[in-house]
Structures are given as structure tokens and as C-alpha cells.
Amino acid sequence: MLIKSILNRVQTHSGFVYGAAHWRHFRGRTVLEIQIRPRRASRPICSGCGQRGPGYDVLAQRRFEFVPLWGIAVFFLYAMRRVDCQRCGVKVERVPWAEGKNHLTTTYGWFLSQWARRLSWKQVAEVFNTSWDNVFRSVKMAVAWGLTHRDLSTVTAIGIDEIARRKGHKYVTLVYQICWDFFRLNRSN
Ligand SMILES: [Zn+2]
């Protein structure tokens, strides 16, 4: 089975296809690189307004880290196109697998941030052979997503406490949601 068919099973990107996969020695380890290319005749999406527009030029190839496969680091390689957008001028295209200048794919960011709920950030970095910084960025992304999508309408009761953070007079204010805990306790009974 080709790596390509595994990837097409786990994640496809509208308007793009996976190309060849090959091994490469990168920063002291052997990694798997997979080329991504736009579908023929597909027009790039402007990162400014989200509309498709005519291509302007193509930038140098970038690497995007994806979820490791069997302990092997996986990178997507893609040369971003620039869009000649009617509204925004010349803009880099938007790609579905990563946000802005992030070199981690969104899927890998979610993967790391989910593990960071179970292990310390340092442990996550060690286990997945990545940097603490990558774990930090991933958690930041997940928190930002959570803040944008949070729904406070179900919160009916909160508690507020002041707790000592360390010896001396350093305090933090802790706000917690009582109704949700109550609901969870009841469900587990
Ligand atoms: Zn635009």
C-alpha cells in the first residue's frame, strides 16, 4: 500500500492532491516527506478574504509537520501560491492543512494539544520527538480556538476563590464552574 493511500484515508484536502513520498535525512533523523500539489486548474484561495482568485506566482517550498507515523516524523512539502486578489491585492493563498505562518499542520497541533492534557508539555515534546515550543504553540492554538468557540450560555453557577500560589502573599483568583461539575458527578453515579 502506498503512503498516499493511507493519507487519503485519514485526511484529504479539497483542491489538493498528495504526490510522491520519500525518505530524507533531516536534522539528524530520517523523516518521511510527502509532496502536496494543487489540483490542475484549481485556483488558489486568498488568505485575506477567502475568495478564489487567479494565481500570481509561486513561493519557495515550505515544510509542514504532520502527525508522526509509526514513530517516523512526517512532513508535507508545498510551495504556496500567491493570489492576485481583486479585493486584497497580491496575497499568499490559504491552505486547508495549516494556519498562517505555522509550520505545524493544524491536525498535528490538535494531536499535540490533546496529549498535553494528559502529560506535561515537556513529556509530550519528548515522547513525540518534537520541541517544547511546538507543544506550547499547539496548546495556544487549542486555547484560542476554545475561546472563540466557547459557549457560556450553559453556565448557571460559578464559584470564586482566592488561592495562595506560593509562600508569601502571591494569590491567584480561581473561577470555576459549579454547575458542570455537579452535572458530571451526577452522571458518574
Ligand atoms: Zn482577497
Side-chain angles (χ1 to χ4, degrees), residues 1-48 50 52-53 55-85 90-146 148:
M1 188 196 294
L2 293 167
I3 292 289
K4 211 157 81 171
S5 52
I6 299 176
L7 279 166
N8 278 324
R9 190 160 183 105
V10 296
Q11 185 162 330
T12 52
H13 307 116
S14 165
F16 300 88
V17 289
Y18 294 112
H22 45 252
W23 296 108
R24 197 182 150 203
H25 204 64
F26 181 68
R27 291 183 185 155
R29 56 184 172 153
T30 303
V31 305
L32 200 54
E33 289 183 338
I34 296 118
Q35 201 81 44
I36 293 186
R37 53 186 168 75
R39 269 187 202 286
R40 212 164 291 157
S42 85
R43 300 205 306 164
I45 295 173
C46 168
S47 57
R52 287 190 190 276
Y56 180 75
D57 62 1
V58 178
L59 302 175
Q61 183 168 267
R62 272 177 61 184
R63 312 165 60 81
F64 301 87
E65 192 161 359
F66 192 61
V67 182
L69 177 69
W70 300 314
I72 305 161
V74 175
F75 291 89
F76 291 160
L77 304 180
Y78 181 70
M80 307 282 276
R81 293 169 291 176
R82 286 201 298 173
V83 193
D84 190 6
C85 179
V90 176
K91 282 268 181 189
V92 179
E93 71 174 312
R94 180 192 293 172
V95 291
W97 58 86
E99 297 265 335
K101 292 197 164 78
N102 205 335
H103 63 275
L104 296 182
T105 57
T106 307
T107 305
Y108 192 36
W110 279 110
F111 177 88
L112 291 176
S113 66
Q114 290 299 310
W115 276 102
R117 293 170 68 172
R118 299 172 174 89
L119 304 171
S120 76
W121 296 2
K122 191 167 170 277
Q123 285 171 321
V124 175
E126 280 166 8
V127 171
F128 297 105
N129 200 8
T130 189
S131 66
W132 184 92
D133 200 51
N134 281 347
V135 181
F136 168 76
R137 268 172 222 258
S138 304
V139 172
K140 207 168 130 186
M141 175 211 68
V143 170
W145 189 91
T148 315

Which pairs with one or both residues in residues 69-79 pass salt bridge (Lys or Arg N to Asp or Glu O under 4.0 Å), sequence neighbours excluded?
none

Contacts of type side-chain contact (heavy atoms from CB on, under 4.5 Å), residue T106, not counting sequence neighbours
E99, W110, M141

In Å, rounded to the nearest 0.5 Å, how long is the span from CG of L77 to CD of Q61?
4.5 Å

Let me confirm one number: the SG-NZ distance from C46 to K91, rounded to the nearest 0.5 Å.
6.5 Å

N129/R29 under side-chain contact (heavy atoms from CB on, under 4.5 Å): CA gap, chis, key distance, verdict
CA-CA 10 Å; N129 200 8; R29 56 184 172 153; 3.5 Å; yes

Under the side-chain contact (heavy atoms from CB on, under 4.5 Å) rule, collect the residues that match up with S131, sequence neighbours excluded.
D133, N134

Would you be so kind as to tabulate the donor-acceptor pairs closer than 3.5 Å made by side chains of residues 17-28, with sequence neighbours excluded?
| residue | atom | partner | partner atom | Å |
| --- | --- | --- | --- | --- |
| Y18 | OH | Q11 | O | 2.7 |
| H22 | NE2 | E33 | OE1 | 3.3 |
| R24 | NH1 | E33 | OE2 | 3.2 |

F66 pairs by ring-ring contact (aromatic ring centres under 6.0 Å, His included) with which of Y108, F128, F76?
F76

Fit a plane to each ring of F64 and W97, take the angle between them on a 0 to 90° scale, and name the class: parallel (under 30°), tilted (30 to 60°) or perpendicular (over 60°).
perpendicular

State the CG-CZ distance between L112 and R117, to the nearest 0.5 angstrom.
14.0 Å

Determine the interplanar angle of the F16 and Y78 rings, folded into 0 to 90°, and report it as parallel if under 30°, tilted if 30 to 60°, perpendicular if over 60°.
perpendicular

Salt bridge (Lys or Arg N to Asp or Glu O under 4.0 Å) involving R81 - partner list, sequence neighbours excluded:
E93

Under 3.5 Å donor-acceptor, Q114 side chain and F111 backbone:
no

Considering all heavy atoms, the nearest L104-A98 contact:
O-CB, 3.9 Å

If you look at every heavy atom in V58 and A79, which pair is closest and at what distance?
CG1-CB, 3.6 Å

Output yes when a side-chain donor or acceptor of S113 lies under 3.5 Å from a complementary backbone atom of G109, and no otherwise.
yes

Quick check: are there more than 12 heavy atoms from other residues, nucleotides or ligands sitting under 6.0 Å from CZ of R9?
no

Minimum heavy-atom separation for S42 and G15, please, with both atom names.
OG-O, 3.5 Å

Please report the C-alpha distance between I34 and I3 in whole Å, then the side-chain angles of each, then the deciding distance to 0.1 Å, and finally whether the side-chain contact (heavy atoms from CB on, under 4.5 Å) criterion is met.
CA-CA 9 Å; I34 296 118; I3 292 289; 4.0 Å; yes

Side-chain touch T130/V135, heavy atoms, less than 4.5 angstrom
yes

Of all heavy-atom pairs between V127 and L119, which one has the smallest distance, and what is that distance?
CG2-CD1, 4.4 Å

Would you give the length of the straight line joining atom CD1 of I6 to atom CG of L69, rounded to the nearest 0.5 angstrom?
5.5 Å

To the nearest 0.5 angstrom, please state how far the CZ atom of R94 sits from the CZ atom of R52.
10.5 Å

Can you give me the closest heavy-atom contact between P96 and H13, atom names plus distance?
CG-CB, 3.6 Å

Worked verdict on I45 versus V83 for side-chain contact (heavy atoms from CB on, under 4.5 Å)
CA-CA 7 Å; I45 295 173; V83 193; over 6 Å; no

Working for side-chain contact (heavy atoms from CB on, under 4.5 Å), residues M80 and V95
CA-CA 8 Å; M80 307 282 276; V95 291; 3.9 Å; yes

Go through the structure and list residues passing side-chain contact (heavy atoms from CB on, under 4.5 Å) with R82, not counting sequence neighbours.
Y56, D57, L59, V90, V92

